[in-house]
Amino acid sequence: MQNALIAGILVSIACGVIGSLIVINKMTFIAGGVAHGAYGGIGIAFFLGASPLLGAAGFAVAIGLLIAFISGQNRDRIDSVIGAIWAFGMAVGIIFVDLSPGYNADLMSYLFGSILAVSTEDLIFMGILDAIFIAFALLFYTQICAFCFDSEFAKLRGVNVNFLYYLMSALIALCVVSTIRVVGLILVIALLSIPPYIAEKFSPNLAIMMVLSAILSAIFISCGLMLSYYFDLTSGAAIIAVATVVFFVVEFCKRG
């Protein structure tokens with residue numbers, strides 16, 4: 001349970017920083033493609049006897065950069081390309097899992113999440129990624145704001161937009177991987193998009209949005225973890241259920 005709570009805080013930081021960039025730049029579908037495509041890396045890692053998280057990280061970053069390259073060349077059909085990459089990653093993962101000797105029950109935790117099964121190694125991995133995300137936000141905050149709200153203006157100001165876009169795509173891929181252990185790759189996109197979406201409605205700037213999104217993520221994860229503990233529910237599903245209920249309440253109140 002201690003590891004679960006620490007993991008919840010670490011993932012909340014990642015969701016706050018990177019999730020806000022996903023929502024602001026309307027990259028939700030890209031993040032979804034990366035999340036499902038990462039299953040290919042998990043399958044290959046199981047087949048080779050390597051760390052599933054490291055396998056997912058390498059595969060996800062490769063997919064993220066590929067999507068960034070294709071979308072940079074032509075955005076007209078990017079949805080079809082992401083769909084194909086999404087399906088390819090899942091197919092590769094399933095094939096390599098089938099080829100792996102025996103059956104590993106832990107594989108299901110990567111699909112649906114298992115925050116109670118988070119290990120110390122997973123926490124170290126998440127902590128390192130959080131440090132990278134925070135450093136990225138602090139070092140490139142001005143450029144990020146310019147890129148997010150007016151990329152053409154950012155180019156005129158001398159911002160290397162292409163580099164920033166590729167770097168952001170790689171970090172989104174890593175954020176997806178760090179979140180998989182908490183809610184699973186099937187539900188990861190909800191945790192990356194719902195808290196930032198809610199935070200955006202109450203934030204005057206990107207920095208406040210990131211902080212508020214991280215706080216909301218921590219609340220959702222804590223409440224979902226308590227529900228899963230007391231009612232013997234799947235932790236990932238309970239977390240997303242809490243986030244979704246709050247999402248609809250906020251939407252209803254805002255529209256009312």
Side-chain angles (χ1 to χ4, degrees), residues 4 7-39 42 53 56 60 63-64 67 79 82-83 85-87 89-90 108-118 126 129-130 133 169 171-203 209-210 212-228 231 233-254:
I9 294 172
L10 293 176
V11 166
S12 297
I13 295 172
C15 290
V17 176
I18 303 300
S20 296
L21 299 180
I22 291 173
V23 170
I24 287 292
N25 290 288
K26 298 179 174 63
M27 299 172 74
T28 304
F29 193 47
I30 293 177
V34 171
H36 288 76
Y39 189 67
I42 294 174
L53 273 184
I63 290 175
I67 292 175
D79 55 340
I82 293 175
I85 293 174
W86 180 321
M90 292 292 290
M108 299 302 292
S109 68
Y110 293 96
L111 287 173
F112 302 103
S114 181
I115 192 171
L116 293 176
V118 171
M126 294 175 186
L129 291 184
D130 275 354
F133 298 150
S169 298
L171 293 180
I172 287 173
L174 291 174
C175 182
V176 164
V177 173
S178 71
T179 312
I180 282 176
R181 287 295 274 166
V182 175
V183 294
L185 61 86
I186 292 178
L187 301 173
V188 65
I189 194 60
L191 191 60
L192 286 173
S193 58
I194 291 177
Y197 181 83
I198 297 172
E200 185 182 19
K201 296 181 178 297
F202 304 96
S203 304
M209 179 180 172
M210 288 179 173
L212 183 56
S213 176
I215 293 172
L216 288 172
S217 297
I219 293 172
F220 296 156
I221 291 173
S222 299
C223 292
L225 191 58
M226 285 191 292
L227 286 175
S228 67
F231 296 99
L233 303 172
T234 302
S235 57
I239 291 167
I240 299 306
V242 171
T244 306
V245 168
V246 175
F247 168 81
F248 283 114
V249 170
V250 171
E251 278 291 291
F252 178 78
C253 292
K254 280 287 184 179

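Residue numbers start at 1 and run along the sequence shown.
Closest heavy-atom contact between M210 and V17: CE-O, 3.6 Å. Smallest separation of non-hydrogen atoms from I198 and F220: CD1-CZ, 4.0 Å. Of all the heavy atoms in L227 and A238, the pair that sits closest is CB-CB, 4.4 Å. A14 approaches C175 most closely through the heavy-atom pair O-SG, 3.6 Å. Here the closest non-hydrogen pair linking I189 and G32 is CD1-N, 3.6 Å. S203 approaches A199 most closely through the heavy-atom pair OG-O, 2.5 Å.
Atom OG of residue S193 and atom CD of residue E200 lie 11.5 Å apart, to the nearest 0.5 angstrom. Atoms CD1 and CG, from I239 and L191 in turn, are 7.0 Å apart once rounded to the nearest 0.5 Å. Taking CD1 from I9 and OG from S222, the interatomic distance works out to 7.0 Å, rounded to the nearest 0.5 Å. To the nearest 0.5 Å, atom CG of residue L171 and atom CD1 of residue I22 are 10.5 Å apart. Note: L21 CG to M27 CE = 8.5 Å, rounded to the nearest 0.5 Å. Distance check, rounded to the nearest 0.5 Å: CG of D130 to CD1 of I18 gives 9.5 Å.
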With side chain to side chain contact (heavy atoms under 4.5 Å, CB included) as the test, would you mind laying out the steps for L192 and T179 before giving the verdict? CA-CA 8 Å; L192 286 173; T179 312; 4.2 Å; yes
Between L174 and F133, does a side chain to side chain contact (heavy atoms under 4.5 Å, CB included) hold up when you go through it step by step? CA-CA 9 Å; L174 291 174; F133 298 150; 4.1 Å; yes
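The backbone N or O of L225 lies less than 3.5 Å from a partner atom in the side chain of S228, making a donor-acceptor pair.
For the side-chain contact (heavy atoms from CB on, under 4.5 Å) with I240, the lone residue among I221, T234, V183 that qualifies is V183.
Inter-residue side-chain proximity for S213 and S20 is flagged as met; some heavy-atom pair is nearer than 4.5 Å.
Between H36 and W86, the ring planes are parallel. Angles under 30° get that label, and only those over 60° would be called perpendicular.
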